[in-house]
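Have a look at the structure below, then the notes.
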Amino acid sequence: MSPTFAETLRAATMPVHEQANHSPYISALLGGELSVDAFADLAGQLYFVYSALEDTAEQVREDPIAGKFVFTELYRRAALREDMAFYFGPSWESVVKPLPATAAYCDRIREAGTSWSGGFVAHHYTRYLGDIAGGQIIRHKLKNLHGITGPGSRFYVFDQIPSAPKFRDTYRELLNTAPWDAADRKRFIMESVRAYELNVGLFAALAEDMPRYSMS
Ligand code: HEM
């Protein structure tokens, strides 16, 4: 039996997924080598990424294809705002600023996300499906290493998704049944690889400041 689109996508993005999850910043974070500030700064940059994703989602929600992937129960912006207030205090908005790599990522989300349905979904898939899988590993690290379970970790808690495995199945079914032809699917995969690369770029930018987070 030939693979489904979701299977092809997963396989095609596996190398760049490995690259993202073994990037020096993420490895040090998961290895317990970095202070809690490293988690805070990562979430700070993700605030801008999710603002771009969720602004774009609002723009495309009436689109017959992209709109099917707009799940407000996934939205992370409110959770990230709470996490920002926890880490940086009530004036966090004057402290947390996008790095150039983050700004470039947000520009691409807005550009690809409003130009065709697959552009939006490729960026949506790359972040949210990752958050409900690998993101949960970061959530456990935040708890085990730094004792943070409430505010500060809200970003990682999808309390409006009752079953992550069921959600993933539904999402994969949507990917498999979206009316994209072979060329669209190829273009989708390329955009998803690009989304991963933009994440790798963001982690590399954060890593430039890594000695600041060192606990040794
Ligand atoms: C913290 C490091 C990471 C770990 C430990 C990790 C781990 C995982 C695991 C175990 C899965 C498999 C879930 C399953 O079989 O259904 C997964 C899926 C996924 N991850 Fe990651 N991941 C990490 C980082 C990332 C990053 C940085 C991204 C992208 C920005 C990402 C995007 C994805 C996506 C899109 C999927 C879904 C793949 C699919 O089923 O189509 N992950 N991750």
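Indexing begins at 1, ligand by ligand and atom by atom, following the structure's order. Values reported hereafter were calculated over all heavy atoms of this structure, with side chains retained and with hydrogens, waters and symmetry mates removed. Counting begins at 1 with the first residue of the sequence.
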Sidechain N-carboxylate O distance under 4.0 Å for Glu191, Arg108: yes

With a cut-off of 4.0 Å, which atoms of ligand 1 are near a heavy atom of Arg172? 16 (O), 39 (C), 40 (O)

Does ligand 1 have a heavy atom under 4.0 Å from the side chain of Leu29, from its backbone, from both, or from neither? neither

Do the charged groups of Lys68 and Asp63 touch, with an N to O distance under 4.0 Å? no

Heavy-atom nearest neighbour of atom 26 (C) of ligand 1 within options Ala20, Pro165, Gly135, Ala11: Ala20

Option nearest atom 39 (C) of ligand 1 (shortest heavy-atom distance, choices Tyr125, Tyr105, Tyr196, Tyr25): Tyr125

Determine whether the side chain, the backbone, both or neither of Phe203 has a heavy atom under 4.0 Å from any heavy atom of ligand 1. side chain

Return yes if a side-chain donor-acceptor contact under 3.5 Å exists between Tyr87 and Asp41, otherwise no. no

In terms of atom number and element, which parts of ligand 1 are under 4.0 angstrom from non-hydrogen atoms of Leu30? 1 (C), 2 (C)

Verdict with supporting geometry, Asp209 and Arg212, salt bridge (Lys or Arg N to Asp or Glu O under 4.0 Å): CA-CA 6 Å; Asp209 223 4; Arg212 189 162 79 76; 2.9 Å; yes

I'd like to know if Arg194 and Glu197 make a salt bridge, using a cut-off of under 4.0 Å between side-chain N and carboxylate O. no

Ligand 1 atoms in contact with Thr126 (distance to a heavy atom under 4.0 Å): 29 (C), 30 (C), 32 (C), 35 (C)

Residues 149-162 side chain polar contacts: donor-acceptor under 3.5 Å, at least two apart:
unit_1, atom_1, unit_2, atom_2, d
Ser153, OG, Thr149, O, 2.6
Ser153, OG, Gly150, O, 2.9
Arg154, NE, Glu82, OE1, 2.9

Distance under 4.0 Å to a non-hydrogen atom of Gly134: what atoms of ligand 1 satisfy this? 4 (C), 6 (C), 7 (C), 8 (C), 22 (N), 43 (N)

Inspect the contact between Arg76 and Asp131 and indicate whether a charged nitrogen and a carboxylate oxygen are less than 4.0 angstrom apart. no

Return the residue, atom name and 0.1 Å-rounded distance of the protein heavy atom closest to atom 1 (C) of ligand 1. Ile26 CG2, 3.5 Å

Give the numbers and elements of all ligand 1 atoms closer than 4.0 Å to a heavy atom of Ile137. 5 (C)

Is any N or O atom of Arg127, backbone or side chain, closer than 3.5 Å to an N or O atom of ligand 1? no

Tell me if a side-chain donor or acceptor on His124 pairs with a main-chain N or O of Phe69 at a distance below 3.5 Å. yes

For the residue pair Trp180 and Phe188, categorise the inter-ring angle as parallel (less than 30°), tilted (30 to 60°) or perpendicular (more than 60°). tilted

Between Ile138 and ligand 1, which residue portion shows a heavy-atom distance shorter than 4.0 Å: side chain, backbone, both, or neither? side chain

Counting from 1, what ligand 1 atoms have a heavy atom of Asn199 closer than 4.0 Å? 30 (C)

Given Glu7, His17, Gln19, Arg10, which one has a non-hydrogen atom that is nearest to atom 8 (C) of ligand 1? His17

Counting the benzene-type ring for Trp, do Tyr47 and Trp92 have ring centres under 6.0 Å apart? yes

Looking at atom 11 (C) of ligand 1, what's its closest protein heavy atom, distance included? Ala133 CB, 3.7 Å

Protein residue, atom and distance nearest to atom 23 (C) of ligand 1, heavy-atom basis: Asn21 CB, 3.3 Å

Would atom 13 (C) of ligand 1 count as contacted, meaning some protein heavy atom under 4.0 Å? yes

Answer yes or no: is there a side-chain heavy-atom contact under 4.5 Å between Phe5 and Asp184? no

For ligand 1, is there an N or O atom under 3.5 Å from any N or O atom of Arg168? yes

